[in-house]
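See structure below.
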Amino acid sequence: MVKAKIATTSLAGCFGCHMSILDIDERILKLAELVEFDKSPINDIKRFSGQCDVGLIEGGCCNHENVEVLRAFRKRCNILVSVGECALMGGLPALRNGIPMTECLKEAYLDGPSVVDGSIPNDPELPLILDKVYPCHEVVKIDYFLPGCPPSADLIWESLVGLLTGREADLPYELIKYD
Amino acid sequence: MNEFVSRIRERNMKKLVIDPVTRVEGHGKVTIIMDDQGRVDRTRLHIVEFRGFERFIQGRPYWEAPVVVQRLCGICPVSHHLAAAKAMDLVVGVGPEELSPTAEKMRRLMHYGQMLQSHALHFFHLCSPDLLFGFDSPVLKRNVLAVAQEFPEIAKQGIFMRRFGQEIIRATAGKKIHGTGAIPGGINKHLETADRDAFRKDIEQMIEWAAAAVGLVKQVHGKNPTYFDNFGSFPSNHLSLVGKDGALDFYHGTLRAIDDQGHKIIDQVDYTDYLRHIGEEVRSWSYMKFPFLRKLGKKLGWYRVGPLARLNTCDFIPSPLAQKEFEQFRAYTNGKPNNFTLHYHWARMIEMLHSAEVIKQLLADKDLTAGELLRRGKKRGEGVGVVEAPRGTLIHHYKVNENDQIKMCNLIVSTTHNNEPMNQAVARVAGQYLDRQQITEGLLNHIEVGIRAYDPCLSCATHALGQMPLQVELENSRGEVIQRAERGSGA
Ligand code: SF4
């Protein structure tokens, strides 16, 4: 049997959604029978090695690098899934939307009480920040959405197995949370 | 090779980029500038993301902080949850010694559960491929699934230890990730007896496996001690909280810093006074700041935090099996501070064993299942909360106005303290293994091995919001800036 390929990434997220994926615990071993991982922060594959069946996206877009990675995922993954509030709606990081950038900068790098001789980082190695934090579906087409902060491991597991095997996922009401 | 590395020719210099750094939590990249002879000229670990928590938390009600700020980081949310709760305890007028016994013990159980899960995650899920297969093993092997195939027993133990820790968090905080257990002045529930009994059944097994994990690190080390000791190592200062009598304590204590010879730089410092002792420097190329001890200044005042630092600063470990391992650990460097980068793994596993032992002690305590949950005192306008998170000292500081809104927030997270040490480790490893070498993917992984030892949580460290990098510099061949164009940072 050819194993399905999945890729995952964390954009402007806290990694909690990836942790929730790992919370499937010993089912990780079962997952290994169903799929092969391509690009993901939990392995060392840094560039896509081929077309993938499913891409899981954690986090929204807060800088141009996020946008590029998300576009690459759209191109390389047949099915793209937004995992968690940050990917769905921007999540907590989107609380900055509506606050002028200069204020955030000043607070962190100039006015912070422990800062000594502050200045604002501005090296060309640092990616360009966007005016707002954008949910993923405003940047590319997203096929499925898993709500929750983070979505529970059971929800992720059920949906993923559903997608990979083509059987309808069993998603009882209690699995779906909007926290 | 070009798959992994982009090379840019500039002034006869060559730039290697490792982007993203993988099997760490969060987002970072490394740049290495080499001259045309292949000599390493300069290395940097950049933290490339930014959030802006300090600013956007302003105006939110104070009691939201413990649930909101943990969303900085899904790997050790409990640390942020508890540091914020401790700060807000002070705001509602409850000092660290005034919490009810139930509240303090529930929080400790939650915290030690998290220490267990986080250390297991780091060691088994993220780092074991390097240690078991070798630093330049094939890319496709360097992940936990490959470990599961070749060393199923080790992988299984790692997965189950992490699960046990996560279950403790669920039972104390309501949810495995981003729970709600701690509230200003206490905790919102007792431990269910059914949960307690289930944990009691499994805890001996966890202790046994954690002890085996310490053995595994020693075994890996024993294969080539010189290599292991020298890998990316350098002398440094060390900082952590230490408990009463100098005990290792992850939940509460006073600040102690020592130098590379073990002399105390500061000791028994009340952490609400942290601003007098710790300052932060900003460098243009990273969104992560560089903390230092004010007493020693920017240049000399940087220090390590985390498992290695904690085992260097504390005097003893208050649980029998871990204390025995601790004595061995200390004896290895003749009682002097251990400055070997890869020994973080050894220290981390000793701490994991200690956490399992503490959980066992706590599970025998009847305060967990009954007793007073919450206390209140006289409201104050300011609070500082500090815990030892899995990755090191974590500082939360808030000011609250008369309408109960947060008006100031300052966070110094664990990984930020380790910013300079991680950059040092990158520089050392690059000097040791990349200088004048044919660069291969495996060699580049060595750099990441050096970073991974610190278990950096780059998610945590990206809470600050940075500026658009809109500065253009024109340099002459000597690297002097001859022209600079800059645009203001409007929204
Ligand atoms: S949805 Fe929640 S858990 Fe997931 S990345 Fe965002 S803050 Fe973290």
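A note on names: the letters A, B, ... follow the listed sequences, proteins ahead of strands, and every chain is numbered from 1. All figures in this text were calculated on a predicted structure; none of them were measured in a lab.
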Residue among B/Lys175, B/His397, B/Lys156 with most heavy-atom pairs under 4.5 Å to chain A: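 Highest number of pairs under 4.5 Å: B/Lys175.
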A/Pro113, A/Ala32, A/Gly112: which one forms the most heavy-atom pairs within less than 4.5 Å of chain B? A/Pro113
Taking side chain as everything from C-beta outward and backbone as N, CA, C, O, which of these in B/Arg71 sits under 4.5 Å from a heavy atom of chain A? Side chain, backbone, both or neither.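 Contact with chain A: backbone and side chain both.
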Evaluate the side-chain proximity of A/Ile99 to B/Gln58: yes if any heavy-atom separation is below 4.5 Å, no if none is.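 No. Closest side-chain heavy atoms not under 4.5 Å.
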In this structure, are over 12 heavy atoms from other groups packed under 6.0 Å from [X] atom [atom1]?
X	atom1	result
B/Glu150	CD	yes
B/Arg44	CZ	yes
B/Phe160	CZ	yes

Shortest non-hydrogen separation from [X] to [Y] and the atoms involved:
X	Y	result
B/Val282	A/Gly118	CG2-CA, 4.2 Å
A/Glu103	B/Arg55	OE1-NH2, 2.7 Å
A/Pro93	B/Phe56	O-CE2, 3.9 Å
A/Ser20	B/Ile177	N-CD1, 3.5 Å
B/Gly279	A/Val116	CA-CG2, 4.0 Å
B/Gly74	A/Met19	O-CG, 3.3 Å

Within this structure, what is the [atom1]-[atom2] distance for the pair [X] and [Y], rounded to the nearest 0.5 Å?
X	Y	atom1	atom2	result
A/Asp111	B/Met408	CG	CE	11.0 Å
B/Glu280	A/Tyr109	CD	OH	9.5 Å
A/His18	B/His125	NE2	NE2	13.0 Å
B/Gln70	A/Leu92	CD	CG	9.0 Å
A/Ser40	B/Leu145	OG	CG	9.5 Å
B/Ile75	A/Cys14	CD1	SG	7.0 Å

Going through the distances and angles, do A/Leu95 and B/Arg60 end up as a side chain to side chain contact (heavy atoms under 4.5 Å, CB included)? CA-CA 11 Å; A/Leu95 273 183; B/Arg60 313 294 308 183; 4.1 Å; yes
Need one label for A/Leu22: side chain, backbone, both or neither, based on atoms under 4.5 Å from any heavy atom in chain B. both
